[in-house]
Amino acid sequence: MLVKYKNDYKKIAMGLLSFIPDLKEVSRLETEIEWYQKDENRILYLWKNENLDFTGIVGVEVSQDIVMVRQIALTPSERDRNVCYQILDALDSNYPDHKMMGSLEVAPMITKWEQRNEAKRK
């Protein structure tokens, strides 16, 4: 389940973002969170698993007809393709009229997710 970021979740968000290799330093993590808060079209979502534990985070930038997935980070115990697909499914449900795109790091995962969805429809 996707939960929109709020300041109460800052430490959790920083912990989850720290799984991204470029975001190890506290100052860099704080800068990243601030970047999302500067624009209402940039949104951080935290992912809750079936036990209602926060186990992932996804950063998106929403425009008129595109959802740009900037990053996805998961705890080590949740790192399998199915959890990423669940996150992308939830984003797709939140933005049904938008095309999903990804940063260079996320785009291959989105391509595989789209291929999986196409195979399901056949």
Task: Cluster check Leu44, Val62: I/L/V/M/F/W/Y, side chain < 4.5 angstrom - done: no

- [ ] Just grab all the ring-ring contact (aromatic ring centres under 6.0 Å, His included) pairs involving residues 55-74, residues at least two apart or on different chains.
- [x] none

Please output the side-chain donor-acceptor pairs of residues 91-110 that fall under 3.5 Å, not counting sequence neighbours, one pair per line with the distance.
| unit_1 | atom_1 | unit_2 | atom_2 | d |
| --- | --- | --- | --- | --- |
| Ser93 | OG | Asp89 | O | 3.2 |
| Tyr95 | OH | Tyr45 | OH | 2.6 |
| His98 | NE2 | Ser63 | O | 3.2 |
| His98 | NE2 | Gln64 | O | 3.3 |
| Lys99 | NZ | Glu114 | OE2 | 3.1 |
| Ser103 | OG | Arg70 | O | 2.9 |
| Ser103 | OG | Glu105 | OE1 | 3.2 |

Task: From CH2 (Trp47) to OG1 (Thr75), nearest 0.5 Å - done: 12.5 Å

Task: Rounded distance [0.5 Å steps], OH in Tyr85 versus CZ in Arg116 - done: 6.5 Å

Open item on the list: Is there a path of hydrophobic side-chain contacts, each under 4.5 Å between heavy atoms, that joins Val69 and Ile66?
Closed with: no

Task: CH2-OG1 distance between Trp113 and Thr111, expressed to the nearest 0.5 angstrom - done: 10.5 Å

- [ ] Report yes or no: do Tyr36 and Val60 belong to one cluster of Ile/Leu/Val/Met/Phe/Trp/Tyr joined by side chain heavy-atom distances under 4.5 Å?
- [x] no

Quiz: residues 19-32 side-chain donor-acceptor pairs under 3.5 angstrom, not counting sequence neighbours:
| unit_1 | atom_1 | unit_2 | atom_2 | d |
| --- | --- | --- | --- | --- |
| Lys24 | NZ | Ser18 | O | 2.8 |
| Arg28 | NH1 | Glu32 | OE1 | 3.2 |
| Thr31 | OG1 | Ser27 | O | 2.9 |
| Glu32 | OE2 | Gln71 | NE2 | 3.1 |

Open item on the list: Is any side-chain heavy atom of Cys84 closer than 4.5 Å to one of Leu74?
Closed with: yes

TODO: Give, for atom CG of Asp39 and atom CG of Asn41, the distance between the pair rounded to the nearest 0.5 Å.
DONE: 5.0 Å

TODO: List in chain and number order the residues that pass side-chain contact (heavy atoms from CB on, under 4.5 Å) with Glu118, two or more places apart in sequence or in another chain; answer none if no residue qualifies.
DONE: Arg121

TODO: Spell out, yes or no, whether Met14 and Val58 are grouped together once hydrophobic residues are joined by side-chain heavy atoms under 4.5 Å, including indirect joins.
DONE: no

TODO: Check whether Leu16 and Ile43 end up in the same hydrophobic cluster, where Ile, Leu, Val, Met, Phe, Trp and Tyr are linked by side-chain heavy atoms less than 4.5 Å apart.
DONE: no

Distance-only check: which donor-acceptor pairs under 3.5 Å involve side-chain atoms of residues 1-11, not counting sequence neighbours?
| unit_1 | atom_1 | unit_2 | atom_2 | d |
| --- | --- | --- | --- | --- |
| Asn7 | OD1 | Gln37 | NE2 | 2.9 |

Open item on the list: Main chain of Asn51, side chain of Asn49: is a donor-acceptor contact present, judged purely on distance under 3.5 Å?
Closed with: yes

Open item on the list: With rounding to the nearest 0.5 angstrom, report the CD1 to CG distance, Ile87 to Leu46.
Closed with: 10.0 Å

